[in-house]
Protein chains: 2
Amino acid sequence: MTSKPAQTGKRAVPERTKRGTPATGKVTLNDVALLAGVDRSVVSRVINDDPRLSIRPDTRKRVLETIEKLGYRGNAAARSLRTARSHMIGLLIPDFANPVYAEIIKGAEAEAGNLGYGLMTASSEGVRQSVGHYVELFGQGRVDGLLLAGEESGREMEQLRALRVPWLQVNRRMGGTDRYVVLDDEHGSGLAVEHLVALGHRRIAHIAGPETADTARRRRMGYTEAMSRAGLTADPWLIIHADYTPAGGRAAMDELLAAPQRPTAVYVSNVASAVGVLHALHIAHVAVPDDMSVIAMHDMVLADHLVPALTTVRMPLGELGARAVRLMATCGPADPIAQVVTDPVEIVVRASTAPPCTDD
Amino acid sequence: MTSKPAQTGKRAVPERTKRGTPATGKVTLNDVALLAGVDRSVVSRVINDDPRLSIRPDTRKRVLETIEKLGYRGNAAARSLRTARSHMIGLLIPDFANPVYAEIIKGAEAEAGNLGYGLMTASSEGVRQSVGHYVELFGQGRVDGLLLAGEESGREMEQLRALRVPWLQVNRRMGGTDRYVVLDDEHGSGLAVEHLVALGHRRIAHIAGPETADTARRRRMGYTEAMSRAGLTADPWLIIHADYTPAGGRAAMDELLAAPQRPTAVYVSNVASAVGVLHALHIAHVAVPDDMSVIAMHDMVLADHLVPALTTVRMPLGELGARAVRLMATCGPADPIAQVVTDPVEIVVRASTAPPCTDD
DNA sequence: CTGAAAGCGCTTACAG
DNA sequence: CTGAAAGCGCTTACAG
């Protein structure tokens with residue numbers, strides 16, 4: 001007679017999961033239930049704080065103690081399979097080397113931890129190199145949601161959409177979507193211009209980001225509007241578009257220095273570009289801030305140690321990352337999300353800005 | 001009579017996974033099998049290229065086409081649960097703002113992609129803030145292995161060990177372990193010193209990393225040995241320990257400038273510190289490279305744009321990250337791994353090094 | 001107050 | 001050459 005497989009916990013196991021190897025320490029719900037003398041469904045409900053569970057205090061205590069004693073850790077895969085949620089959030093950034101994203105990641109990571117989520121950060125660059133692209137990484141239910149801080153091409157957005165994973169744009173709003181969270185770039189830009197105006201500058205240039213970038217557009221608008229408010233004209237030759245990189249900033253500054261009428265101050269839309277701007281001025285023997293004031297969007301530790309120390313606009317980048325995670329974790333996949341993080345924006349005055357030379 | 005649940009694909013499904021909602025597009029192996037007219041085990045084996053499967057070419061073709069047609073993506077949780085592998089690798093770094101780690105992450109990410117793994121990067125900082133610490137993030141079978149590039153405290157290593165996840169130290173070897181992959185820091189340091197010696201410097205200082213850091217120790221050793229080889233003495237006052245941060249480098253340089261006999265050159269063990277070193281020299285009106293040559297460990301885009309552009313030692317940081325992932329993916333959890341990535345180490349000469357002033 | 005059962009979507013040894 | 005079955009470790013509606 002073929003005996004039915006013996007009861008709970010004694011069922012046949014595939015070779016690779018051999019029991020009796022306590023070294024591996026694979027403790028399951030069943031092990032806990034067996035030792036605590038209850039059903040595994042009870043253990044599960046204790047762990048998940050099921051409000052519909054009524055249980056005697058001492059039974060609960062016994063279960064909890066057994067979990068502790070065996071060092072039980074729930075299996076993420078089993079739980080994901082059952083609940084169809086991974087408790088992971090993906091974050092796609094353009095480049096790990098850009099310190100702006102480091103701030104966003106930090107905020108996102110901390111908030112994810114608080115909400116019991118894991119954060120899986122990848123760079124567009126890295127993903128592009130890999131074989132399966134987004135599919136391997138973010139498809140297959142690996143993440144519950146995807147935060148997009150990168151510059152995805154149309155084809156890439158297509159691929160992402162095919163994954164059918166809820167997504168949210170961070171720090172940009174492309175393609176007329178209603179799923180984004182951004183900073184108040186216009187306001188920040190306005191403050192930068194106002195700082196320079198207050199110092200007495202009138203010919204203020206703007207090294208803007210790439211023309212295609214949404215952030216660049218918003219910062220440029222903030223700049224032109226603040227110029228108008230101050231009764232100054234933002235002549236087209238005062239605005240140069242450049243990549244958000246040191247090399248981009250350097251080239252833009254060179255161009256600005258070659259202009260017929262030199263500005264006395266420049267507002268750079270990105271701190272990475274500003275590094276290149278300072279370098280270009282150094283090479284051209286233009287003294288900062290005596291002959292040229294420089295202020296840049298985004299404050300970083302680095303700014304304090306550049307030569308000279310860089311005046312910046314501090315934006316709540318960490319809060320942006322945190323907010324994005326929170327929204328992703330709490331909103332439905334199709335809820336419209338259109339948020340602007342405004343809170344602490346301030347000018348951090350350092351050595352790179354001063355009144356213009358009087359003999360100008 | 002209670003009819004047995006109808007066959008494959010028609011079993012009762014829990015409410016949340018309602019079929020007939022093609023919008024959600026939850027396509028399973030069963031759906032593919034049904035449409036292709038084969039068993040789902042066949043589909044599985046086709047997907048996984050099971051060598052023990054013999055199948056008619058046209059059947060295989062039909063299966064593949066159906067997968068394509070339905071846009072089937074395997075469910076990661078189900079696969080993980082069944083195979084007890086997550087195909088995820090965790091990477092723990094100290095700080096996203098440190099550009100050195102950006103390079104390591106990039107290399108690791110690319111290699112993970114090539115091997116079909118996902119990379120889950122977290123910072124020690126961020127993890128410490130979160131509620132469940134490592135357990136939530138890396139426990140529960142979420143990752144197959146853990147790459148440790150951070151500075152974990154003893155208590156944290158304890159926690160990590162309790163997770164029973166295979167781990168590998170990256171860029172450091174702490175606690176007499178035989179699971180690490182590092183760079184040839186000694187060799188790189190030697191090259192830095194040799195570069196300065198070749199320029200004619202004899203009083204060469206070293207701003208070393210934190211005394212507790214393994215990398216700092218190896219770089220300092222490379223420095224002292226190269227000094228000896230050149231017949232120079234590495235006097236104790238020439239060596240200052242500092243954090244791997246701009247602030248650390250700045251304080252160390254200030255200390256060096258206050259010394260009775262000033263060095264003519266300094267080898268800084270980290271590019272972040274070097275930023276602070278250049279700043280300190282600027283403040284003190286010490287001309288670089290005329291009055292002080294500066295060379296730093298680790299090449300970054302930033303180095304090219306500092307004032308002045310910084311001479312560096314380029315180390316294979318990306319390859320370090322890639323190697324770590326490869327080892328983690330291919331080695332057994334207890335195999336001894338003690339590797340040194342030596343390959344392309346070279347001096348990148350920029351504007352911060354020159355022969356010493358002759359009137360010195 | 002607690003237990004038994006079904007099933008999430010896969011993989012794999014085995015049967016035919 | 002292909003199919004049927006068992007089971008990975010959970011959760012949850014339901015029964016008692």
Side-chain angles (χ1 to χ4, degrees), chain A residues 2 4-5 7-19 26-34 36-60 62-63 72-87 140-141, chain B residues 2 4-5 7-19 26-34 36-60 62-63 72-87 140-141:
Chain A
T2 45
K4 289 179 65 178
Q7 64 193 38
T8 51
K10 303 293 286 180
R11 60 207 177 287
V13 290
E15 181 182 24
R16 79 172 53 228
T17 327
K18 274 201 200 88
R19 294 298 164 86
K26 202 89 179 180
V27 182
T28 74
L29 255 197
N30 245 325
D31 300 327
V32 176
L34 236 43
V38 296
D39 188 85
R40 67 184 196 276
S41 64
V42 174
V43 180
S44 172
R45 279 175 284 198
V46 165
I47 289 170
N48 296 316
D49 273 324
D50 184 343
R52 280 189 294 279
L53 170 70
S54 43
I55 186 176
R56 259 188 309 240
D58 59 320
T59 310
R60 161 170 267 133
R62 186 153 35 91
V63 168
Y72 169 74
R73 316 258 99 111
N75 178 301
R79 177 179 282 209
S80 286
L81 178 56
R82 183 56 230 240
T83 63
R85 312 210 56 205
S86 68
H87 277 265
Q140 328 184 106
Chain B
T2 45
K4 289 178 67 179
Q7 63 193 40
T8 50
K10 303 292 284 180
R11 62 203 177 291
V13 289
E15 180 183 22
R16 78 173 54 228
T17 327
K18 276 201 198 87
R19 293 299 162 85
K26 202 90 180 181
V27 182
T28 72
L29 254 196
N30 246 324
D31 301 327
V32 175
L34 236 43
V38 297
D39 188 84
R40 67 185 197 275
S41 64
V42 173
V43 180
S44 171
R45 279 174 287 198
V46 165
I47 290 170
N48 296 315
D49 273 325
D50 184 344
R52 280 189 295 278
L53 170 71
S54 42
I55 186 176
R56 259 189 307 243
D58 60 320
T59 310
R60 159 170 268 133
R62 186 154 35 90
V63 169
Y72 169 74
R73 316 258 98 112
N75 178 300
R79 178 178 282 208
S80 286
L81 178 56
R82 182 57 230 237
T83 61
R85 311 210 57 204
S86 67
H87 277 266
Q140 329 183 107

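The chains referred to below are lettered A, B, ... by the order of the sequence lines, with proteins before strands, and numbering in each begins at 1.
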Give A/Asn48 one of three labels, base, sugar-phosphate or nothing, depending on what nucleic acid heavy atoms sit under 4.0 Å from its own.
-> sugar-phosphate
Report the nucleotide, chosen from D/dC1, C/dT2, D/dA4, that has the shortest atom-to-atom distance to any side-chain atom of B/Ser54.
-> D/dC1
Could you check how far CG of B/Leu81 sits from P of C/dG7, rounded to whole Å?
-> 17 Å
Any chance you could lay out the side-chain hydrogen bond (donor to acceptor under 3.5 Å, both in side chains) test for B/Arg45 and B/Ser41, step after step, and finish with the verdict?
-> CA-CA 6 Å; B/Arg45 279 174 287 198; B/Ser41 64; 3.0 Å; yes
Please report, rounded to the nearest Å, how far the C1' atom of D/dT12 is from the CZ atom of A/Arg79.
-> 13 Å
How would you label the contact of B/Thr59 with the nucleic acid (heavy atoms, under 4.0 Å): base, sugar-phosphate, or nothing?
-> sugar-phosphate
Please give the nucleotide sitting opposite C/dA13 as a Watson-Crick or G-U wobble pair, both distances under 3.5 Å, or none.
-> none
Check B/Ala33 against B/Asp39 and note the closest heavy-atom contact, atom names and distance.
-> CB-C, 3.7 Å
Of the nucleotides C/dT11, D/dG9, D/dT11, which one has an atom closest to the side chain of B/Thr83?
-> C/dT11
From B/Thr59, B/Val32, B/Ile55, residue fulfilling side chain to side chain contact (heavy atoms under 4.5 Å, CB included) relative to B/Val46 | B/Ile55
Euclidean distance, atom CG of residue A/Leu29 to atom C1' of D/dG7 [Å, nearest integer] = 16 Å
Taking atom P of C/dA13 as reference, at what distance in whole Å does atom CG of B/Asp39 sit?
-> 16 Å
Identify whether any heavy atom of A/Arg52 sits under 4.0 Å from a base atom; if not, whether one sits that close to sugar-phosphate; answer base, sugar-phosphate or nothing.
-> sugar-phosphate
If you pin A/Tyr72 and B/Leu53 to their nearest nucleotides in DNA chain D, which one's is more 5'?
-> B/Leu53
Among D/dC8, C/dA4, C/dC8, which is the nearest nucleotide to the side chain of A/Arg82?
-> C/dC8
Can you tell which of C/dC10, C/dG9, C/dA6 lies closest to the side chain of A/Arg40?
-> C/dA6
Go through the side-chain N and O atoms of B/Asn30 and B/Thr28 and say whether any donor and acceptor fall under 3.5 Å apart.
-> no
Correct closest heavy-atom pair for B/Ser86 and B/Ser80 would be CA-OG, 3.5 Å
Length of the CD1-C1' vector between A/Ile47 and C/dT2, whole Å = 16 Å
Mate of D/dA4 across any strand shown (Watson-Crick or G-U wobble, both atom pairs under 3.5 Å) is none
Rounded to whole Å, the CG-C1' distance (A/Asn75 to C/dC10) equals 14 Å
Measure distances between side-chain N and O atoms of B/Arg45 and base N and O atoms of D/dG3, and say whether any donor-acceptor pair falls under 3.5 Å.
-> yes
To the nearest angstrom, the CG-C1' distance between B/Asp31 and C/dG9 comes to 10 Å
Taking atom P of C/dT12 as reference, at what distance in whole Å does atom CG of B/Asp50 sit?
-> 8 Å
Work out which heavy atom in B/Ser44 is nearest to a heavy atom in B/Leu29; give both atom names and the distance.
-> CB-CD1, 3.9 Å
Donor-acceptor pair under 3.5 Å, A/Ser41 side chain vs C/dA4 base = yes
Heavy atoms under 4.0 Å, any strand shown: does B/Ile55 hit a base, just sugar-phosphate, or nothing?
-> sugar-phosphate
Ignoring backbone atoms, establish whether A/Ser44 has a side-chain N or O less than 4.0 Å from OP1 or OP2 of D/dC10.
-> no
